[in-house]
Amino acid sequence: MERQEALALVPVLEEQEQRLTLGQFTHDDAWRLGGLLRELAVERRAPVAITVLRGPQRLFHCALPGSSADNDEWLARKCRVVERYAESSYLVGTRFRAKGTTFEESARLDPSRYAAHGGAFPLRVRGVGVIGAAAVSGLRQADDHALVATALERFVT
């Protein structure tokens with residue numbers, strides 16, 4: 001992604017995150033959101049792994065055919081970025097690219113533990129803040145991000 005493209009994408013991703021704020025998020029909501037993510041992935045024949053976290057607790061996990069244990073590692077690394085920055089892993093990586101650098105070069109975080117690649121989205125509850133993350137791994141980063149955003153769009157409405 002070129003720097004200019006990243007500069008244009010940052011406000012779009014910021015608006016998306018604000019718009020996809022939840023009124024609440026329960027264990028049952030995690031199951032429903034995870035199921036919706038799975039349905040969308042199956043429809044698209046996407047070889048992904050999916051996780052929904054509330055704090056450090058994994059409330060939903062699913063691995064579809066074509067995914068691997070490597071996708072589980074990517075999920076963990078992307079979700080750590082959401083936990084640390086309270087923003088989507090895609091937005092965090094895009095912010096670095098908009099500055100003309102990369103997350104790996106400039107974040108001063110261990111890339112074996114943190115990945116600012118698209119696919120992990122903050123679960124933000126109105127009046128509370130970020131309480132967890134929903135994440136997908138297995139596609140190109142923009143597509144991982146779009147899959148989670150699509151599911152949250154449907155979940156919120």
Side-chain angles (χ1 to χ4, degrees), residues 1 5-6 8-95 97 103-104 111-126 128-157:
M1 176 183 302
E5 182 183 358
L9 187 55
V10 166
V12 172
L13 296 173
E14 289 173 338
E15 184 280 328
Q16 181 183 57
E17 287 188 24
Q18 290 307 310
R19 185 170 33 82
L20 297 176
T21 297
L22 307 166
Q24 65 175 12
F25 197 75
T26 66
H27 285 68
D28 288 338
D29 291 329
W31 186 257
R32 285 198 337 270
L33 178 58
L36 180 55
L37 278 161
R38 184 188 177 283
E39 285 175 28
L40 289 170
V42 168
E43 284 173 13
R44 298 171 187 194
R45 299 173 197 234
V48 298
I50 301 163
T51 197
V52 178
L53 304 175
R54 182 169 182 182
Q57 186 179 22
R58 185 180 316 187
L59 300 180
F60 181 94
H61 183 80
C62 173
L64 295 177
S67 66
S68 71
D70 287 342
N71 296 116
D72 292 334
E73 290 300 317
W74 276 97
L75 288 171
R77 292 168 56 218
K78 293 178 193 185
C79 286
R80 283 187 196 103
V81 168
V82 172
E83 180 183 8
R84 183 162 187 122
Y85 289 87
E87 295 178 324
S88 74
S89 54
Y90 195 40
L91 175 56
V92 171
T94 301
R95 283 187 195 283
R97 287 186 291 279
F103 179 82
E104 294 77 13
S112 71
R113 295 196 38 82
Y114 294 88
H117 293 261
F121 204 99
L123 298 174
R124 182 174 283 111
V125 174
R126 197 172 301 106
V128 177
V130 175
I131 55 92
V136 168
S137 174
L139 307 171
R140 293 179 318 129
Q141 67 171 326
D143 295 334
D144 278 347
H145 178 86
L147 184 60
V148 179
T150 298
L152 280 167
E153 288 275 0
R154 292 183 186 179
F155 186 79
V156 168
T157 55

Novice: Do V52 and F25 have side-chain heavy atoms sitting under 4.5 Å apart?
Specialist: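 Side chain of V52 against side chain of F25, heavy atoms only: contact under 4.5 Å found.
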
Novice: Between A49 and L75, which heavy-atom pair has the shortest distance, and what is it?
Specialist: CB-CD1, 3.7 Å

Novice: Who pairs with E104 by side-chain hydrogen bond (donor to acceptor under 3.5 Å, both in side chains), at least two apart in sequence or on another chain?
Specialist: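 Scan of E104 (side-chain hydrogen bond (donor to acceptor under 3.5 Å, both in side chains), adjacent residues dropped) gives H117.
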
Novice: Quick one: side-chain contact (heavy atoms from CB on, under 4.5 Å) partners of T26, sequence neighbours excluded?
Specialist: Q24, D28, D29

Novice: Restricting to side-chain contact (heavy atoms from CB on, under 4.5 Å), what partner residues turn up for E153, sequence neighbours left out?
Specialist: R19, L20

Novice: So which heavy atom on I50 is nearest to which on A41, and how close?
Specialist: CD1-CB, 4.4 Å

Novice: What residue pairs, at least two apart or across chains, pass ring-ring contact (aromatic ring centres under 6.0 Å, His included) with a residue in residues 33-68?
Specialist: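 Applying ring-ring contact (aromatic ring centres under 6.0 Å, His included) to every pair that reaches into residues 33-68, excluding sequence neighbours, yields W31-F60.
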
Novice: Find the distance between CD (E43) and CZ (R45) and round it off to the nearest 0.5 Å.
Specialist: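 Separation between the atoms: 11.0 Å.
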
Novice: Go through L33 and L123 one step at a time and tell me if the side-chain contact (heavy atoms from CB on, under 4.5 Å) criterion holds.
Specialist: CA-CA 11 Å; L33 178 58; L123 298 174; 3.9 Å; yes

Novice: Minimum heavy-atom separation for G119 and S89, please, with both atom names.
Specialist: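 For G119 and S89, the tightest heavy-atom pair comes out as N-OG, 3.5 Å.
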
Novice: With sequence neighbours left out, which residue pairs that include part of residues 75-92 fulfil the salt bridge (charged side-chain N to carboxylate O under 4.0 Å, His left out) condition?
Specialist: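 Listed by first then second residue: K78-D144, E87-R95.
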
Novice: With distance as the sole test, does E17 use its side chain to make a donor-acceptor pair with the main-chain N or O of S88 at under 3.5 Å?
Specialist: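 Yes; at least one donor-acceptor contact below 3.5 Å.
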
Novice: Of all heavy-atom pairs between A133 and V82, which one has the smallest distance, and what is that distance?
Specialist: CB-CG1, 3.9 Å

Novice: What pairs with Q57 under side-chain contact (heavy atoms from CB on, under 4.5 Å), at least two apart in sequence or on another chain?
Specialist: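 For Q57, the residues satisfying side-chain contact (heavy atoms from CB on, under 4.5 Å) (neighbours in sequence not counted) are H27, L59.
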
Novice: List the residues meeting side-chain hydrogen bond (donor to acceptor under 3.5 Å, both in side chains) with T94, not counting sequence neighbours, and say none if there are none.
Specialist: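 For T94, the residues satisfying side-chain hydrogen bond (donor to acceptor under 3.5 Å, both in side chains) (neighbours in sequence not counted) are R97.
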
Novice: Can you tell if the side chain of R44 reaches within under 4.5 Å of the side chain of L139, non-hydrogen atoms only?
Specialist: no

Novice: Which residues pass the side-chain hydrogen bond (donor to acceptor under 3.5 Å, both in side chains) test with Q141, sequence neighbours left out?
Specialist: none

Novice: With sequence neighbours left out, which residue pairs that include part of residues 130-157 fulfil the ring-ring contact (aromatic ring centres under 6.0 Å, His included) condition?
Specialist: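 Applying ring-ring contact (aromatic ring centres under 6.0 Å, His included) to every pair that reaches into residues 130-157, excluding sequence neighbours, yields Y90-H145, F121-H145.
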
Novice: Partners of R154 by side-chain contact (heavy atoms from CB on, under 4.5 Å), sequence neighbours excluded?
Specialist: L36, L40, T150

Novice: Tell me the closest heavy-atom pair linking V81 and A115, and the distance in Å.
Specialist: CG2-O, 3.4 Å

Novice: Which pair of non-hydrogen atoms, one from A134 and one from L37, has the smallest distance, and what is that distance?
Specialist: CB-CD1, 4.3 Å

Novice: Could you tell me if the side chain of P47 sits less than 4.5 Å from the side chain of P65, heavy atoms only?
Specialist: no

Novice: Mind checking salt bridge (Lys or Arg N to Asp or Glu O under 4.0 Å) for D143 and listing every partner two or more places apart, or none if nothing turns up?
Specialist: R140

Novice: Would you list the pairs meeting salt bridge (charged side-chain N to carboxylate O under 4.0 Å, His left out) in which at least one residue belongs to residues 61-74, sequence neighbours left out?
Specialist: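 Pairs touching residues 61-74 that pass the test: none.
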
